[in-house]
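Because only heavy atoms are used, hydrogens play no part in the values below, and waters and symmetry mates are left out as well, while side chains stay in.
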Amino acid sequence: MKFKALKWLSAAPVAAALVISLAACGGGSSQPSGSPTDALAGSDQQTLDKYTTADVTPLDKIDKSKLGLVTDGTLRVGTLSDAPPNIFIDPSGKFTGYDNELLRAIGDKLGLKVEFASTDFSALLSQVANKQFDVGSSSISTTDARRKTVGFTNGYDFGYMAVVTKSDAKVTGFADLKEGVRIGVVQGTVQDDYVTNTLKLEPVRFPDYNTVYGNVKNGQIDAWVAPSQQASGQVKDGDGTKIAEKVVNTQNFTAYAVNKDNQPLLDALNAGLDAVIADGTWTKLTSQWYTDRPTAAEQTPQGWKPGSKAVQIPAK
């Protein structure tokens, strides 16, 4: 597997255009249905500090009566069911994964119960905007276009994007994604936008990660452009597949989505996030769920850090 760690670049040639994308989960129809929303519009203008708050409201100053929750005392969360290691349902029926366990820890800091419900990514942001859910938890890339629909917490993760192929494929990475290559994506994701709007190619769109990966294995598509965390969760020894290449981008971040007019809830979640960073919970969960990020350097590449600008990650 090839691996690159790249600084922020402009969206021009393929190798440079790649890094405007971040991992994000999604779902929808398996057939092309017109041009998807350009979730990447304006994201190449973002910087690390543009949206990250300087500090947070202290936990003891959070007024839980003003959080505007669907049900008082409970965070109702929309999430996905098929995208390990981030968001999935385990064999016992529990919603789990890195994003969801981190959110449970944040809920504990705030004294709130956390209830999850499964949905499609293609509907999630509008459901959060319409207050069907208090929070969206789905490794969501915080692009400027998406901020027109929802608000976002401070970041808790950064993004990778990957190319998944059969082990003996001629496609060896992003530079090989050209006309004539059958490229699979999950509809509504940043990867869909990347292939459609940056590469100007027509991908084959699938409803979920299990289906698109199955089509890589059986040779119906040549490559899957994927969030690399979900690619790692799908690719198994003996499947005849591989992660051909992945690229890291730290100049955007992954965050929880909230109704953009609900500032009290955003403030509360940011306070809880800083609290789980400061007490070491974030580091513990990151090591547990991302086994390829065992060290502090791998968890915070190129100077990226989670939470507000004020919070400090404790030394191990």
Trainee: Could you give the distance from CD (Gln127) to CG (Asp120), rounded to the nearest 0.5 Å?
Mentor: 8.0 Å

Trainee: Set out, in order, the CA-CA distance, both residues' side-chain angles and the distance that settles side chain to side chain donor-acceptor pair (under 3.5 Å) for Ser126 and Gln132, then state yes or no.
Mentor: CA-CA 9 Å; Ser126 63; Gln132 293 171 252; 5.8 Å; no

Trainee: Show the numbers, then the answer: is there a side chain to side chain donor-acceptor pair (under 3.5 Å) between Asp134 and Tyr256?
Mentor: CA-CA 10 Å; Asp134 301 307; Tyr256 298 110; over 6 Å; no

Trainee: Taking C-beta and beyond as the side chain, do Lys305 and Ile277 meet within less than 4.5 Å on heavy atoms?
Mentor: no

Trainee: Are Leu273 and Leu59 connected in a single hydrophobic cluster, I mean Ile/Leu/Val/Met/Phe/Trp/Tyr linked by side-chain heavy atoms less than 4.5 Å apart?
Mentor: yes

Trainee: Of Val190, Val212, Leu177, which is the lone residue that meets side chain to side chain contact (heavy atoms under 4.5 Å, CB included) with Val225?
Mentor: Leu177

Trainee: Compare every heavy atom of Ala83 with every heavy atom of Phe88, then report the nearest pair and how far apart it is.
Mentor: CB-N, 4.0 Å

Trainee: So, taking the atom named OG1 in Thr196 and the one named CD in Gln191, what distance separates them when rounded to the nearest 0.5 Å?
Mentor: 11.0 Å

Trainee: Do Glu101 and Thr96 have side chains that get closer than 4.5 Å, going by heavy atoms?
Mentor: yes

Trainee: Please confirm whether the backbone N or O of Ala310 pairs with a side-chain atom of Ser308, one donor and one acceptor, at under 3.5 Å?
Mentor: yes

Trainee: So Val186 and Tyr213, do their side chains get closer than 4.5 Å, heavy atoms only?
Mentor: no

Trainee: Mind checking the CG-CG spacing from Leu266 to Asn270? Nearest 0.5 Å is all I need.
Mentor: 6.5 Å

Trainee: Is it possible for you to say whether Phe158 and Trp282 belong to one hydrophobic cluster, with membership spreading through side-chain heavy-atom contacts below 4.5 Å?
Mentor: yes

Trainee: Find the distance between CG (Leu75) and CD1 (Ile106) and round it off to the nearest 0.5 Å.
Mentor: 9.0 Å

Trainee: What's the verdict on side chain to side chain donor-acceptor pair (under 3.5 Å) for Ser137 and Asn100, showing C-alpha distance, side-chain angles and the deciding distance?
Mentor: CA-CA 7 Å; Ser137 172; Asn100 289 342; 2.7 Å; yes

Trainee: Who are the side-chain hydrogen bond (donor to acceptor under 3.5 Å, both in side chains) partners of Thr300, not counting sequence neighbours?
Mentor: none

Trainee: Measuring from Phe95:CZ to Ile87:CD1, what's the distance to the nearest 0.5 Å?
Mentor: 11.0 Å

Trainee: State which residue, out of Asp144, Thr142, Asn154, fulfils the side-chain hydrogen bond (donor to acceptor under 3.5 Å, both in side chains) condition with Tyr51.
Mentor: Asp144

Trainee: Tell me, please, which residues at least two apart from Ser65 pass side-chain hydrogen bond (donor to acceptor under 3.5 Å, both in side chains).
Mentor: Asp63

Trainee: Give a yes or no on whether the backbone of Leu80 and the side-chain of Ser118 come within a donor-acceptor separation of less than 3.5 Å.
Mentor: no

Trainee: With salt bridge (charged side-chain N to carboxylate O under 4.0 Å, His left out) as the rule and sequence neighbours excluded, what pairs involving residues 214-243 come up?
Mentor: Arg182-Asp222

Trainee: What are the two closest non-hydrogen atoms of Thr241 and Ser167, and how far apart are they?
Mentor: N-OG, 3.3 Å

Trainee: The criterion is side chain to side chain contact (heavy atoms under 4.5 Å, CB included); which residues satisfy it with Ala117, sequence neighbours excluded?
Mentor: Arg76, Phe133

Trainee: Say whether, by atom type as modelled, one donor and one acceptor occur between the side chain of Asp274 and the main chain of Asp55 under 3.5 angstrom.
Mentor: no

Trainee: Between Asp82 (side chain) and Tyr209 (backbone), is there a donor-acceptor pair under 3.5 Å?
Mentor: yes

Trainee: Test Arg146 against Ser141 for side-chain contact (heavy atoms from CB on, under 4.5 Å), laying out the working first.
Mentor: CA-CA 8 Å; Arg146 287 175 175 170; Ser141 298; 3.7 Å; yes

Trainee: Taking only residues two or more places apart in sequence or in another chain, which ones pass ring-ring contact (aromatic ring centres under 6.0 Å, His included) with Phe152?
Mentor: none

Trainee: According to side chain to side chain contact (heavy atoms under 4.5 Å, CB included), who are the partners of Asn215, at least two apart in sequence or on a separate chain?
Mentor: Phe206, Thr211, Asn218, Gln220, Ile221

Trainee: Where is the tightest heavy-atom contact between Ile243 and Ser232, given as atom of each residue plus distance?
Mentor: CD1-OG, 3.6 Å

Trainee: Could you give the distance from CD1 (Ile140) to OG1 (Thr254), rounded to the nearest 0.5 Å?
Mentor: 8.5 Å

Trainee: Between Arg205 and Asp192 (salt bridge meaning N to carboxylate O under 4.0 Å), is one present in this structure?
Mentor: yes

Trainee: Counting only N and O atoms by type, is there a donor-acceptor contact under 3.5 Å from the side chain of Arg104 to the main-chain atoms of Val114?
Mentor: no

Trainee: Flag the pair Ser287 / Gln299 as yes when at least one side-chain heavy-atom distance between them is below 4.5 Å, and no otherwise.
Mentor: yes

Trainee: Got a sec, which residues hit side chain to side chain contact (heavy atoms under 4.5 Å, CB included) with Asn259, two or more places apart in sequence or on another chain?
Mentor: Lys131, Asp261, Asn262

Trainee: What is the minimum heavy-atom distance between Trp224 and Gln234, and which atoms define it?
Mentor: CH2-CG, 3.9 Å

Trainee: Yes or no on side-chain contact (heavy atoms from CB on, under 4.5 Å) for Trp289 and Asp99, after CA distance, side-chain angles and deciding distance?
Mentor: CA-CA 9 Å; Trp289 289 100; Asp99 301 59; over 6 Å; no

Trainee: Quick one, Thr283 and Ile313 - any side-chain contact, counting heavy atoms below 4.5 Å?
Mentor: yes

Trainee: Answer with yes or no whether the hydrophobic clustering places Val195 together with Val163; edges join I, L, V, M, F, W, Y residues whose side-chain heavy atoms lie under 4.5 Å apart.
Mentor: yes

Trainee: Under the side-chain hydrogen bond (donor to acceptor under 3.5 Å, both in side chains) rule, collect the residues that match up with Glu115, sequence neighbours excluded.
Mentor: Lys113

Trainee: Of the non-hydrogen atoms in Leu201 and Glu179, which two are nearest, and what is the gap between them?
Mentor: CD2-OE1, 3.4 Å

Trainee: Who passes ring-ring contact (aromatic ring centres under 6.0 Å, His included) against Tyr98, sequence neighbours left out?
Mentor: Tyr290

Trainee: Determine, step by step, whether Leu69 and Thr74 satisfy the side-chain contact (heavy atoms from CB on, under 4.5 Å) criterion, reporting the C-alpha distance in whole Å, the side-chain angles of both residues, the deciding distance to 0.1 Å, and the verdict.
Mentor: CA-CA 7 Å; Leu69 302 175; Thr74 299; 5.8 Å; no

Trainee: May I have all residue pairs that pass salt bridge (charged side-chain N to carboxylate O under 4.0 Å, His left out) and include part of residues 276-300, sequence neighbours excluded?
Mentor: Lys109-Asp279, Asp157-Arg293, Lys246-Asp292

Trainee: Between Ala226 and Ala231, what is the shortest heavy-atom contact and its length?
Mentor: CB-CB, 4.1 Å

Trainee: With sequence neighbours left out, what residues match Asp90 under side-chain hydrogen bond (donor to acceptor under 3.5 Å, both in side chains)?
Mentor: Ser92

Trainee: Considering residues at least two apart in sequence or located in another chain, which fulfil the side chain to side chain contact (heavy atoms under 4.5 Å, CB included) criterion with Ala268?
Mentor: Ile62, Leu67, Leu110

